[in-house]
Structure formats: structure tokens, C-alpha cells
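Please read all numbers here as calculations on a predicted model, not as lab measurements. Residue indices begin at 1 and follow the sequence shown.
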Amino acid sequence: MTNRFNFGRGKQYVALTMLLAGSMNLMAQKAMKAPAGGKQISDNLIGIFFEDISSSADGGLCAELVQNGSFEYNPSERDGWGAGTSWKVSRPGHSLGLLEVKQQNPLNANNPNYMRLNVERAREFYDYRGSRGFGIQNEGFGGISVKAGAKYNFSVFLRDVEGDGKKVRISLILPGWQEKLLADAEFTTDSKDWKKYEAQLTASEDCEKAQLRLLVLDKGTVDVDMVSLIPEDTYKGHGLRRDLAEALEALHPKFMRFPGGCVVHGGGDGMWDTYRWKNTIGPKEQRKGLKNTWGYHQSFGLGYFEYFQFCEDLGMEPLPILPCGVSCQGTNGGWNMTGKRGQDAVPMSEMDEWVDEALDLIEWANGDANSKWGRLRAEAGHPAPFNLKYLGLGNEELISEEFCERFKYIYERVRKAHPEIIIVGTAGPGSHSDNPDYINGWKLAEEIGLPIIDEHYYEPRNYFQTSRQYDSYPRDRKTKVYLGEYAAKDKKLQDALAEALYLLHVERNGDVVCMTSYAPLFAKRDATNWNPDLIYFDNQKVYPTCSYYVQQMFGLSAGQYYYGDCIKFSGEDASNNLLGQSAVLNTQKRELYLKVANSTDKETTVNLDLSRFKGMKSVASKMTISGQPNDEDNFDQQPVTPVNETIKVKKQMSLDVKPNSFTLITVKL
């Protein structure tokens with residue numbers, strides 16, 4: 001086994017320095033020397049934060065098309081839910097039978113429910129549509145969307161109780177009086193034990209509201225579990241919905257924080273509802289589903305293996321967030337048994353379990369394929385380590401005495417075992433200078449020498465237009481800032497421009513702030529828990545917001561050096577806080593990025609002085625998003641999208657900037 005985990009204590013801070021300077025900064029300096037006058041900043045400022053909120057995972061980024069395929073929905077997740085949610089009995093051809101929910105001798109103890117199909121009559125008649133048999137039918141997540149000619153991979157676990165071999169028919173149909181068959185396949189059971197059966201269905205036409213039908217065509221008893229239908233065409237073949245994954249790829253993110261958010265520590269149901277990463281790896285039929293904080297079911301078809309693999313596919317650094325022995329402060333309606341704000345804490349005598357959760361994750365991600373946890377990663381198809389560098393502990397917790405005691409307990413043990421891992425802590429749910437959690441969070445960070453602290457805030461647009469708090473942050477702090485959750489509280493163009501102004505401020509302070517991620521990332525149109533969100537979607541389409549394009553423009557323009565005096569506004573505009581600018585140099589790519597935000601209703605002029613940059617090409621690319629302040633991307637049309645053009649540039653020049661706009665100019669050097 002390599003000596004991967006035995007670096008010296010100082011390695012954590014060396015690694016953090018590399019983060020702030022840019023992970024490729026040494027290579028960049030060899031490629032191009034930065035001119036004088038610049039400030040070294042993080043080139044990892046733009047990342048993404050994924051949380052399973054608003055059906056972002058099941059029915060979203062996870063490409064699985066069958067809802068409740070393991071029959072594990074239950075009323076504790078949502079009133080009226082049960083094992084049969086999203087399913088109905090199907091008995092064409094006057095077939096007869098009985099459907100039962102069973103738990104005896106299940107496929108796996110983590111998913112105890114299965115359906116028993118007791119078929120009394122299945123062979124005598126065909127109905128007018130040419131169908132027969134007794135079985136079940138799934139409606140997917142508000143319908144199953146299929147495309148003509150596209151292939152869909154079906155799988156199911158069956159147990160033929162009599163073991164006499166029964167024909168099973170799988171179909172994609174458009175239900176209704178004029179029911180239409182879109183695809184079908186047949187196979188025969190051959191085992192009295194649980195066995196996986198697979199088939200591929202090819203859709204004959206486009207359909208937005210298809211359903212999946214499973215029919216047993218012979219008399220007898222068949223047990224059914226883990227019904228699955230996944231498009232053959234997923235992102236890089238790794239089981240993620242292609243268009244949603246490509247929307248994230250287009251942001252050019254440097255890292256991904258996951259799995260939350262409040263999902264990490266449960267949203268108010270107690271410690272039992274805490275996200276435990278070990279339940280989300282291994283074969284999907286062995287993963288243990290859980291109630292979602294946001295009021296629905298998590299199947300964990302999108303689990304830690306898929307998160308890490310997606311980070312690898314996009315070239316992002318993974319930033320997993322683990323709970324640290326306390327619940328969300330929303331537990332018990334906001335109050336605990338002692339009458340304090342609602343946060344429960346596990347006894348200190350049980351804290352080693354939570355320490356092991358962190359240590360085992362590091363071994364799973366980075367360990368040799370012969371190690372206990374590294375072997376599970378290798379068996380899942382990834383023998384090489386994932387090279388985890390960052391680990392978050394806690395998510396916007398109440399910074400209580402109980403939290404501090406438990407956080408320090410985990411932190412000290414993880415740091416001792418793995419000094420090479422950069423730990424990210426939390427500044428609580430509201431990162432403002434008068435917030436007691438923020439004050440106590442920073443006090444704890446400075447006491448223990450925490451490398452990075454995670455700040456969160458959601459505010460009206462005027463906050464992002466005017467607040468410039470990072471200008472006054474002390475430069476001698478060891479602890480750097482990760483702005484892990486933020487957004488203006490609406491999704492109009494003027495909100496996106498306010499966020500652009502704020503990110504220009506963050507960029508100027510890229511020596512203090514090392515990472516940012518807008519939140520929430522995704523929301524399904526008919527299942528939205530939170531507004532606004534960066535990307536909306538339904539079963540057919542993706543709907544980026546104005547804020548999405550701002551994030552994309554910053555993602556396209558990451559660099560290692562900031563220059564604050566290359567762009568100046570003319571005349572009286574110079575002091576307007578609705579205007580902002582930055583010049584960022586990427587020494588590795590040999591590109592200079594000029595960004596200008598104009599959130600006023602008047603055209604303005606900027607003067608550029610680029611004389612310090614050698615070898616500047618005369619033609620540059622220009623990307624602009626602009627419109628009316630209240631414009632927003634809606635579900636019928638997208639009136640606000642970036643416009644791309646080429647322009648001539650000189651060492652010294654003036655540039656007119658549209659009202660209500662954000663502009664990115666990329667200059668080759």
C-alpha cells in the first residue's frame with residue numbers, strides 16, 4: 001500500500017495554499033509570467049453545490065425512469081404514500097389475480113418490501129389491444145418520457161415461487177382508451193430464487209407520458225422487486241441524465257459539494273434521518289433508501305459512487321459533506337428537550353461512530369484496492385483512488401457548545417489520521433457579522449486553525465448590489481472562506497446582475513474567498529421546494545435561468561491573478577455601486593478576462609488600459625447577457641441568453657457597455 005496517508009501536518013496548509021493560488025499555478029507560471037500589479041487569487045472560485053431538493057436526484061439527475069421501483073415508499077415520507085405509490089394493477093385480456101405487498105425472505109434486508117403477483121387467470125383471452133396477463137404498471141415521475149428510436153435498458157429481480165417457468169412481458173405503453181404499444185420484450189423465468197432479468201426496449205415514437213408495464217402471462221406466483229428502466233444514452237454511460245449533466249458541464253465548475261445542504265443532517269426528524277454515505281454505495285439493490293428532508297423518498301440510485309464518478313467525469317474536485325453528531329436545529333419544531341434551540345446531539349460516548357464515518361470515507365475514496373473500504377470502491381468498477389482532497393464536516397449547524405465539542409472531536413481525529421485532507425467547517429445558517437452562529441463559528445475556526453469555513457446567505461438583490469464585506473476581512477487569518485450557499489431571492493435579470501456585481505467583489509477578494517457555489521442547483525418544475533434555483537427542468541427539457549448564465553461566464557473566466565486598475569468607468573459613473581469590473585489573468589491558458597457589470601438603466605463607458613500584458617492578440621471574443629431588469633427565463637421561452645461576438649481590442653481603448661448587462665471579454669495573450 002502506498003504511503004498516501006502519512007504526510008506531515010504542514011501538508012494540509014501547503015495544499016490549501018495551492019488551492020488559493022490555483023491548483024495548476026506552478027504550471028501556469030512556467031507557461032507565462034504574470035505582469036506586475038496583480039494579486040494572486042484562487043482559480044477555484046466557481047463550483048456547484050448539489051442537494052437532493054426539489055426532486056433533483058430521483059426523477060432528475062439520476063436517469064432512472066421508474067418511480068418507487070423497490071416498493072419502499074411509506075407514509076412517514078408523505079401522507080398517503082405506500083409500497084404501491086406510482087404503481088397500479090394491470091390485467092388486460094380479462095386476466096385475474098391478487099397483488100400483495102410482502103416482506104418474507106426479501107431480496108435484501110435494506111429493501112424489505114416486494115410485490116407478489118398471484119396470477120389466477122392469464123392465458124384464456126387477449127383484450128382488443130392484443131394484450132393479456134396479470135401484473136403491474138408504473139407511471140414514472142409524472143410520466144415516462146421516451147424518444148423514437150432510443151433504447152431503454154430494463155431490469156428486474158424476480159422469484160418464480162413454483163419454479164415452473166413463466167413468461168413475462170415488459171412493455172412501454174401510452175395508456176388510455178386508445179392504448180398504444182411503444183415497445184415490448186418477453187422472457188421466461190427460470191429460478192425459484194431471486195434472479196435479475198434484463199431486456200432492452202426501443203421506443204417506436206416520441207411520447208412524454210408513457211408507462212412501463214410488467215405482465216406475468218402464466219398462472220402461478222411471481223415475486224417482483226427492483227424494477228428499473230434507464231436510457232441507454234446517459235452522460236458518459238454512467239447513469240446520469242445527459243441534458244442535465246451537460247448543463248452542469250457547461251458551467252465549467254472546479255468542484256462539487258454534495259450531498260447537501262440540510263439533507264446531510266436531516267431536516268427535523270432526528271438523527272435517524274441523517275444521511276449516511278455507506279447506505280448509498282454498492283449494488284443498487286443493496287442500498288438503503290431514506291426519507292428525504294424535503295418530503296419525499298431518496299432511493300440512492302444517485303449515491304456517493306455516482307457523485308465521485310461525476311466529479312471525475314467533469315474534472316471537478318469532490319467536496320463531500322458529512323454530519324458530525326448533531327441534528328439540524330429544525331428538529332423538534334425548533335426546540336430540544338432542554339428548551340434550547342432545536343438541535344439534538346449524540347452522546348459523546350457514541351462519537352467514535354461518526355469519526356469512523358469520516359475515516360472510512362477517506363479510505364473508500366483514496367485507499368488501496370486491497371484495503372477494507374477501497375476494495376468496495378474497486379468492486380464497484382473504480383480500482384484507482386478518487387484522490388479526495390477536501391472534506392466538509394457539518395452543514396450550517398447551530399454553533400452551540402454541543403456542536404463545538406463534537407466538531408472538535410471529529411476534526412482532531414481526522415486531521416491526525418489524514419493531515420493531507422483539507423477540512424471545511426461551517427459558520428452557521430446566516431453568515432452576517434451580528435449573527436451569533438457566525439460569530440461563534442469563526443471563533444471556533446480561529447481556535448483550531450480550521451483551513452476553510454463555509455458561509456451561507458440568501459438575501460434580496462440590494463444586498464448583493466451593495467454589500468462588500470470581504471473587502472474588510474483580515475488578511476492574516478489562516479482560515480479562508482468558502483461561500484457555499486448564496487443567491488438573490490428572485491430569478492430576474494436584475495437579480496442575476498446583482499449576483500454578478502457581488503462575484504466581482506468576491507473575485508477582488510480571491511485571496512480571502514477560495515470557493516463559491518450558488519444554491520440550490522436544480523429544481524423540477526412540478527416538484528419545487530425552494531425558489532429561486534439555478535436550473536429548472538421537466539422530463540423533457542432544461543430551463544437555465546439568468547443566474548445560470550452569470551455563473552457560466554464566471555466559470556469560463558477563472559484565473560490566478562486579479563488586476564483592479566485595468567478597467568475604469570468614465571466620469572460620474574466611477575463611484576456607482578451598480579457598476580463593477582475585474583480583470584483576471586489565467587497564466588496557464590494565456591488568457592485575460594475582462595468583466596464588466598452594468599446594473600443601471602443607462603449605457604456607460606469604460607476605459608481599458610492593457611499595456612502591461614505582452615503578446616496581446618488584436619481580436620477577442622465577447623459574451624454579453626443583457627435585457628430588461630424584470631426579464632427572466634420562463635418555461636415557454638428564453639428571452640435572456642448570452643450573445644457571442646468577436647471584437648477588436650487594443651492596449652488602450654474605450655468600450656460602451658449596455659444598460660442592464662454583464663459582459664465578458666476574453667483576450668488571448
Next item on the list: With side-chain hydrogen bond (donor to acceptor under 3.5 Å, both in side chains) as the test, would you mind laying out the steps for H238 and D313 before giving the verdict?
Entry: CA-CA 9 Å; H238 289 157; D313 286 343; 2.7 Å; yes
Note to self: Checking L212 against L172 for the side-chain contact (heavy atoms from CB on, under 4.5 Å) test, could you report, in this order, the C-alpha distance in whole Å, the side-chain angles of both residues, the deciding distance, and whether it holds?
What the structure shows: CA-CA 5 Å; L212 178 71; L172 279 169; 4.3 Å; yes
Notebook entry, point to check: So K278 and K288, side-chain contact (heavy atoms from CB on, under 4.5 Å) or not? Walk me through it.
Noted result: CA-CA 9 Å; K278 294 177 183 178; K288 187 176 182 179; over 6 Å; no
Next item on the list: Apply ring pair (Phe, Tyr, Trp, His ring centres under 6.0 Å) to the pair Y518 and F554, showing each step before the final yes or no.
Entry: CA-CA 12 Å; Y518 181 106; F554 275 93; over 10 Å; no
Next item on the list: Would you sort out whether N118 and E100 count as a side-chain hydrogen bond (donor to acceptor under 3.5 Å, both in side chains), showing the intermediate values?
Entry: CA-CA 8 Å; N118 300 285; E100 296 180 283; 2.8 Å; yes
Note to self: Apply side-chain contact (heavy atoms from CB on, under 4.5 Å) to residues C62 and R241 and explain how you reach the verdict.
What the structure shows: CA-CA 6 Å; C62 180; R241 181 172 151 178; over 6 Å; no
Check: Can you list the steps and then say if Q211 with E139 is a side-chain hydrogen bond (donor to acceptor under 3.5 Å, both in side chains)?
Finding: CA-CA 5 Å; Q211 294 188 10; E139 64 184 10; 4.8 Å; no
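You'll find the ring centres of F49 and F522 outside the 6.0 Å limit. Between W81 and W87, the distance from one ring center to the other does not fall under 6.0 angstrom.
Closest approach of L201 to D184, counting heavy atoms only: CD2-C, 3.6 Å. When every heavy atom of S517 is checked against every heavy atom of I48, the shortest pair comes out as CB-C, 3.8 Å. Of all heavy-atom pairs between W194 and N105, the closest is NE1-O, 3.1 Å. Heavy atoms only, all atoms of each residue included: V264 and L322 are closest at CG1-C, 3.7 Å. Nearest approach of S56 to A523, heavy atoms of both residues: OG-N, 4.4 Å.
With a 6.0 Å radius and a threshold of 12 heavy atoms from other residues, nucleotides or ligands, K236 has its NZ atom above the threshold. Within 6.0 Å of atom NZ in K192, 12 or fewer heavy atoms from other residues, nucleotides or ligands are found, so the atom counts as exposed in its surroundings. Dense packing is recorded around CG of N644, with more than 12 heavy atoms of other residues, nucleotides or ligands lying under 6.0 Å away. The local environment of NZ in K209 is sparse, with at most 12 non-hydrogen atoms from other residues, nucleotides or ligands closer than 6.0 Å.
Every residue two or more places apart in sequence or in another chain that forms a salt bridge (Lys or Arg N to Asp or Glu O under 4.0 Å) with K291 is listed here: D269. Looking at residues two or more places apart in sequence or on another chain, you find a side chain to side chain contact (heavy atoms under 4.5 Å, CB included) between N292 and D52, V263, W294, Y296, Q298. Residues that satisfy the side chain to side chain contact (heavy atoms under 4.5 Å, CB included) test with T280, not counting sequence neighbours, are Y275, F300, Y304.
A donor-acceptor distance shorter than 3.5 angstrom exists from the side chain of N68 to the backbone of E72, with no hydrogens or angles considered. Judged by distance alone, with hydrogens and angles left aside, the side-chain atoms of R257 form no donor-acceptor pair with the main-chain N or O of P320 at under 3.5 Å.
Taking the charged nitrogens against the carboxylate oxygens, R159 and D193 have no contact shorter than 4.0 Å, which rules out a salt bridge. Between K284 and E64 no salt bridge is recorded (no basic side-chain N to carboxylate O distance below 4.0 Å). Of the charged side-chain nitrogens involved, none lies within less than 4.0 Å of a carboxylate oxygen, so that D223 and K102 do not count as a salt-bridged pair. A salt bridge links R213 with E179; the closest basic N to acidic carboxylate O contact falls under 4.0 Å. Salt-bridge annotation for D233 and R242: present, with a side-chain N of the basic residue lying under 4.0 Å from a carboxylate O of the acidic one.
Using cut-offs of 30° and 60° for the angle between ring planes, the F386 and W364 rings count as tilted.
The only option from D190, D218, D160 that meets the salt bridge (charged side-chain N to carboxylate O under 4.0 Å, His left out) definition with K166 turns out to be D160. Exactly one residue among F50, Y307, F310 makes a ring pair (Phe, Tyr, Trp, His ring centres under 6.0 Å) with F258. That residue is Y307.
Checked by atom type, the side-chain pair N153/Q200 shows a donor-acceptor distance below 3.5 Å. For the 3.5 Å distance criterion, the side chains of Y543 and D533 fail to qualify, holding no donor opposite an acceptor.
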